[in-house]
Trainee: 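Can you read through this structure? Questions will come right after.
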Number of protein chains: 2
Amino acid sequence: MPGKKVTPRRRSGCPLNASVEMLGDRWSLLIIRDMMLRGFRSYKEFLDSHEGIATNILAGRLRTLQAHGIISAGRDPSDARKRIYRLTPKGINLAPVLTEMVLWAAAHEETGNQPLVRQMRADKEKFLAAIRERWAGTAIPRK
Amino acid sequence: MPGKKVTPRRRSGCPLNASVEMLGDRWSLLIIRDMMLRGFRSYKEFLDSHEGIATNILAGRLRTLQAHGIISAGRDPSDARKRIYRLTPKGINLAPVLTEMVLWAAAHEETGNQPLVRQMRADKEKFLAAIRERWAGTAIPRK
DNA sequence: ACTTTTTACTTGCAAAATGCAAGTAATGTT
DNA sequence: AACATTACTTGCATTTTGCAAGTAAAAAGT
């Protein structure tokens with residue numbers, strides 16, 4: 001049975017508002033970044049890495065990101081304990097959003113990961129194409 | 001006791017994290033949208049319009065957006081009660097971020113404001129140029 | 001086989017952010 | 001002078017976030 005629709009009640013019909021309601025918190029975009037740019041796929045990777053998300057928050061975010069159709073979850077055939085999270089096409093399409101946010105911050109704040117920033121600045125379209133390419137055959141997890 | 005500056009203490013140096021720490025909440029980007037796209041400039045406009053922000057939240061967001069250098073505040077010479085909020089160059093540079101978020105939501109959700117979406121889709125660069133143009137001479141508020 | 005470790009969570013509770021309703025002070029309008 | 005507007009603040013309830021600890025299932029080690 002297909003899940004029942006979550007949160008039909010939007011504050012407004014504005015597309016920006018829709019984005020903010022799905023992504024406007026302190027963790028969602030970082031999780032998506034870890035999947036998209038770092039190739040993270042398991043709960044433990046998200047938990048150990050990046051900015052130190054709390055385990056209950058991570059579980060909640062993974063749930064709502066799934067509910068919004070941005071990520072999907074499956075089982076690891078080689079280890080039944082593991083779940084494998086990956087971006088849906090909708091999630092992959094967030095690449096331009098992430099890119100612009102990275103470029104904006106890099107232009108106005110002192111930030112790290114300059115190699116990434118340089119790569120994005122040098123040829124944005126090429127960078128985005130590379131991400132799409134990398135995620136093209138995502139049905140079967142690598143390795 | 002020399003400067004007891006409250007250290008901003010970022011969770012990480014990642015530029016995306018910097019963006020999320022400045023913009024990752026339920027209201028900041030909507031306020032910026034209202035300034036950028038709708039030309040809102042006063043407290044009352046923000047309060048009355050869009051998605052119905054609470055007055056204390058609005059006051060807080062305006063404060064932190066200023067603290068981050070994204071907006072600036074001045075007085076209205078024709079009415080001393082009024083404050084005029086406007087985007088700084090840093091704030092105006094959020095146009096590509098807003099645009100990508102609008103396009104993403106419009107592509108994956110049922111949203112309103114299709115004229116805006118069509119305009120963005122038809123020629124993104126032109127749309128962005130128009131925004132920059134509109135905000136070019138922003139030192140003196142119009143009207 | 002059984003004990004330990006790993007993985008992906010949940011639960012309980014404190015702290016912080018958000019939201020609502022009701023002020024308040026400084027103007028401006030009548 | 002009385003009233004209305006504007007830009008807030010304050011107090012309090014609700015919700016979200018964060019921390020620490022616990023749990024179940026599966027895998028790995030002995």
Side-chain angles (χ1 to χ4, degrees), chain A residues 6-7 9-12 17 20-31 34-35 39-68 71-86 141 143, chain B residues 6-12 17 20-32 34-35 39-68 71-86 141 143:
Chain A
V6 202
T7 323
R9 188 192 150 166
R10 287 256 167 79
R11 294 180 299 187
S12 83
N17 179 62
V20 165
E21 291 195 356
M22 287 186 276
L23 308 167
D25 69 81
R26 293 190 99 53
W27 294 107
S28 295
L29 285 168
L30 298 181
I31 294 170
D34 282 347
M35 299 181 85
F40 288 8
R41 295 184 291 125
S42 70
Y43 193 89
K44 192 172 187 302
E45 284 176 305
F46 299 125
L47 199 62
D48 290 351
S49 171
H50 63 53
E51 286 77 10
I53 190 171
T55 174
N56 57 336
I57 307 296
L58 174 58
R61 289 278 94 86
L62 290 172
R63 224 178 344 243
T64 63
L65 287 171
Q66 275 182 79
H68 289 133
I71 67 174
S72 64
R75 298 244 163 235
D76 186 333
S78 70
D79 186 340
R81 289 171 305 179
K82 287 190 181 171
R83 306 209 70 187
I84 291 176
Y85 293 97
R86 79 174 77 87
K143 183 187 177 184
Chain B
V6 181
T7 311
R9 200 190 73 113
R10 288 255 166 80
R11 294 179 299 187
S12 84
N17 179 62
V20 165
E21 291 195 357
M22 287 186 275
L23 306 167
D25 67 83
R26 281 183 114 53
W27 294 107
S28 295
L29 284 168
L30 298 181
I31 294 170
I32 292 162
D34 282 349
M35 300 181 84
F40 287 7
R41 295 184 288 124
S42 70
Y43 193 89
K44 193 174 186 301
E45 284 176 304
F46 298 124
L47 198 63
D48 290 351
S49 171
H50 62 54
E51 286 77 10
I53 189 171
T55 173
N56 56 337
I57 307 296
L58 175 58
R61 290 278 95 87
L62 290 171
R63 229 182 338 250
T64 63
L65 286 172
Q66 277 182 77
H68 288 134
I71 67 175
S72 64
R75 297 243 161 236
D76 187 332
S78 70
D79 186 340
R81 291 170 305 181
K82 286 190 182 170
R83 307 209 71 186
I84 291 175
Y85 293 97
R86 81 174 76 86
K143 182 187 174 185

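Predicted model, so just to flag it, every value in this text is computed and none were measured. All chains are named by letter (A, B, ...) in the order of the sequence lines, taking the proteins before the strands, and each is independently numbered beginning at 1.
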Trainee: Indicate whether OP1 or OP2 belonging to C:dT7 is found under 4.0 Å from a side-chain N or O atom of A:K44.
Mentor: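 Yes, such a contact exists.
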Trainee: How is A:Y85 classified with respect to the nucleic acid when contacts are heavy atoms under 4.0 Å: base, sugar-phosphate, or nothing?
Mentor: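 If one applies the 4.0 Å heavy-atom cut-off, A:Y85 turns out to touch the sugar-phosphate alone, with no base involved.
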Trainee: In whole Å, what is the span from the CD1 atom of B:I84 to the P atom of D:dT5?
Mentor: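 In whole Å, D:dT5 P lies 19 Å from B:I84 CD1.
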Trainee: Spell out protein contact along nucleotides 12-26 of chain D as letters: B when the base is contacted, S when just the sugar-phosphate is, - when no protein heavy atom is under 4.0 Å; keep the 5' to 3' order.
Mentor: -----SBB-B----B
Trainee: Starting from P on C:dA8, measure out to CZ on A:F46 and report it in whole angstrom.
Mentor: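 The distance from CZ of A:F46 to P of C:dA8 comes to 10 Å, rounded to the nearest Å.
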Trainee: Does any N or O in the side chain of B:Y43 come within less than 3.5 Å of the main-chain N or O of B:T55, such that one atom is a donor and the other an acceptor?
Mentor: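 Yes, because the side chain of B:Y43 sits within donor-acceptor range (under 3.5 Å) of the backbone of B:T55.
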Trainee: Counting C-beta onward and ignoring hydrogens, is there a side-chain heavy-atom pair between B:T64 and B:D25 closer than 4.5 Å?
Mentor: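 A side-chain contact under 4.5 Å is absent here.
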Trainee: Roughly, in whole Å, what's the span from CD1 in B:I71 to C1' in D:dA7?
Mentor: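 B:I71 atom CD1 is separated from D:dA7 atom C1' by 14 Å.
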Trainee: Quick one: B:E45 CD to D:dC8 C1', roughly how many Å, whole number?
Mentor: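 Taking CD of B:E45 and C1' of D:dC8, I get 16 Å after rounding.
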Trainee: In whole Å, I'd like the distance from the NZ atom of A:K82 to the C1' atom of C:dT7.
Mentor: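 Atom-to-atom, A:K82 to C:dT7, this comes out as 8 Å.
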Trainee: Specify the separation, in whole Å, of atom OH of B:Y43 and atom P of C:dT27.
Mentor: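 After rounding, the reported distance stands at 18 Å.
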Trainee: How about A:L58 and A:L62: do any of their side-chain heavy atoms sit closer than 4.5 Å?
Mentor: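 Yes, side chains in contact.
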Trainee: Please report, rounded to the nearest Å, how far the P atom of C:dA17 is from the CD atom of B:E21.
Mentor: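 For the pair B:E21 CD and C:dA17 P, the rounded distance is 12 Å.
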Trainee: Between atom CG in A:L47 and atom C1' in C:dT6, what is the gap in whole Å?
Mentor: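 Distance, rounded to whole Å: 13 Å.
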Trainee: Taking the side chain as every heavy atom from C-beta outward, state whether B:I32 and B:L23 have any atom pair closer than 4.5 Å.
Mentor: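 Result yes, sub-4.5 Å side-chain heavy-atom pair found.
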Trainee: List for me each residue that meets salt bridge (Lys or Arg N to Asp or Glu O under 4.0 Å) alongside A:E51, sequence neighbours excluded, and say none if there are none.
Mentor: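 Here the qualifying residues are A:R33.
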Trainee: For A:R83, give me all partners under salt bridge (Lys or Arg N to Asp or Glu O under 4.0 Å), at least two apart in sequence or on another chain.
Mentor: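 Once residues adjacent in sequence are excluded, A:R83 has no partner under the salt bridge (Lys or Arg N to Asp or Glu O under 4.0 Å) criterion.
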